[in-house]
Number of protein chains: 2
Amino acid sequence: MTPESQEITTKERLLEAGLGMLLKHGYSDLGIQALLSETGIPKGSFYHHFSSKQDFALQVVDRYMQEVHQGLDMSLGNHALPPLERVRLFFELSREKYRREGYLGCLLGGLGQELSGVSETFRHKIEGCFNLIAERITDCLEEAHQRGELAADQEPRQLADLLLDCWEGAALRSRLRRDPGPLGAMLDFYFAVAAR
Amino acid sequence: MTPESQEITTKERLLEAGLGMLLKHGYSDLGIQALLSETGIPKGSFYHHFSSKQDFALQVVDRYMQEVHQGLDMSLGNHALPPLERVRLFFELSREKYRREGYLGCLLGGLGQELSGVSETFRHKIEGCFNLIAERITDCLEEAHQRGELAADQEPRQLADLLLDCWEGAALRSRLRRDPGPLGAMLDFYFAVAAR
DNA sequence: AGTTGGGAATAGACCGGTCGGTCTAGAGGA
DNA sequence: TCCTCTAGACCGACCGGTCTATTCCCAACT
């Protein structure tokens, strides 16, 4: 396989399909066999590339985080916008992504809820992901604070965590209702308060 | 079994144990066998009282909702307090309950995330539960609005949904971190804004 | 250039264990 | 007697994971 080849590798196809299936089914309800039937990939290939179902799911989370970081780069990195609007843009992008996927919510929230009672590995993994996202948002809120564009008197880090937590809650409700309403309502409320 | 008997019935014991185990393990990871081992109840009894695992879980949710309604009665029904404080009291009670259970979050949020992609039955069931809770909170916010104690200009129903959604998000984060921080931060933020 | 050696990847039959659920038998009380 | 409930052996299906065989591709060697 030459590096410049456009061919999609077996491993990538598995991660790609796994992303969608984990988002819909969650971890326990996703069978390896179902994944293989959907992709037409034999079991030998799966266990060649991944040591176990858990290893696979953890790598799917990594892949999901790549997408998240791309979204963060696109929004928070847009220095033409004031910092608070950059933060909001990130969540607007996420909402648009949820729409494309049929309002199934956020993979981190889904796996976090399902597995954090049962697997310390996943609990720490997911919490680590949330931490990374919150850190990047914090940086942006920090900038807003320095420019005097932040109304609230709380620490940027706490405001970032709060925003992320509430977003996940709205994403759950959006998943239950299969509509974007809760996401928009949450964003409107938060930014109306946060903006000076 | 006489009605006035204080004896705990087999069915009640199953529902009670199921509540705790579903909260920790979720639906798919909870095995009937594990439930029976924990309670010492034979399988025949289980399937005498419940037609299936799904039927069982749905009844566990009903039982959970009984507790929620008790909490709502205790807090929202306390007319010595102004309505907004009654609403806050409900969530303070919930936070205390979560603490007792080891910060495993909310059963509705957990099952909602896990199953709403896979089972329309559960999706509608859980969304129905959230609706009921939101309605009761709405009534209380309505009263606050009429007394001019509500700062926000939004509809009480939307404020109630927002509060509930954000709470569920904070509960997920609390489950991941095994601490109450996110719950308190979310309440402080919301009520600082909502109160006039 | 042609041959070949060997690791990477594919292929799927197969495995023990566990799953939710059924069935028959018996215990207990009214 | 009769019905509710307990009791647990048993069932087929499916689970995640293993194993061996085969194919593929490219590098190394003559």
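Proteins come first, then strands; the chains are lettered A, B, ... in the order of their sequence lines, and each starts at number 1.
Separating the CG atom of L35(A) from the P atom of dC14(D) is a distance of 17 Å, rounded to the nearest angstrom. Summarising the geometry, the separation between CZ on F56(B) and P on dC19(C) is reported as 15 Å, rounded to the nearest angstrom. If you take CD of Q54(A) and C1' of dG17(D), they are 14 Å apart, rounded to a whole angstrom. Rounded to an integer number of Å, the gap from CG of L36(A) to C1' of dC14(D) is 14 Å. Going from atom CD1 of I32(B) over to atom P of dA9(D) covers 18 Å, rounded to whole Å. Residue I41(A) contributes atom CD1, which lies 16 Å from atom C1' of dT23(D) at whole-angstrom precision. Atom CG of D29(A) and atom P of dC19(C) are 15 Å apart (whole Å). Look at CZ on F50(A): it is 18 Å from C1' on dT18(D), rounded to the nearest Å.
Side-chain atoms of S45(A) lie closest to dT10(C) of the nucleotides dG20(C), dT6(D), dT10(C). Here the side chain of Y47(B) is nearest to one of dC5(D), dG17(D), dG20(C), namely dG20(C). Taking every side-chain heavy atom of P42(B) into account, dA7(D) is the closest of dA9(C), dA7(D), dA11(C). The side chain of K53(B) approaches dG21(C) more closely than any other nucleotide in the set dC5(D), dG21(C), dG12(C).
At the heavy-atom level, G44(A) lies under 4.0 Å from base atoms of the strands shown. Nucleic acid contact for L30(B): sugar-phosphate only, since backbone atoms but no base atoms lie under 4.0 Å from a heavy atom of the residue. Note on K43(B): a base of the nucleic acid sits closer than 4.0 angstrom, heavy atoms only.
A 4.5 Å side-chain heavy-atom check between R95(B) and W167(B) finds at least one atom pair inside the cut-off.
Figure legend: cation-pi geometry between K53(A) and Y27(A), with NZ or CZ positioned under 6.0 Å from the six-membered ring centre and within 45° of its axis.
The phosphate of dT10(C) (OP1 or OP2) has a side-chain N or O of H49(A) nearer than 4.0 angstrom. For dA9(C), one of the phosphate oxygens OP1 or OP2 lies less than 4.0 angstrom from a side-chain nitrogen or oxygen of H48(A).
Remark: L23(A) CG to Y64(A) OH distance equals 7.0 Å, nearest 0.5 Å.
If you find the closest nucleotide of DNA chain D to K11(B) and to Q33(B), the one lying nearer the 5' end belongs to K11(B).
The distance between the ring centers of Y190(B) and F91(B) does not fall below 6.0 angstrom.
Hydrophobic clustering, defined by side-chain heavy atoms of Ile, Leu, Val, Met, Phe, Trp and Tyr closer than 4.5 Å, groups L81(B) together with M74(B), L89(B), L93(B).
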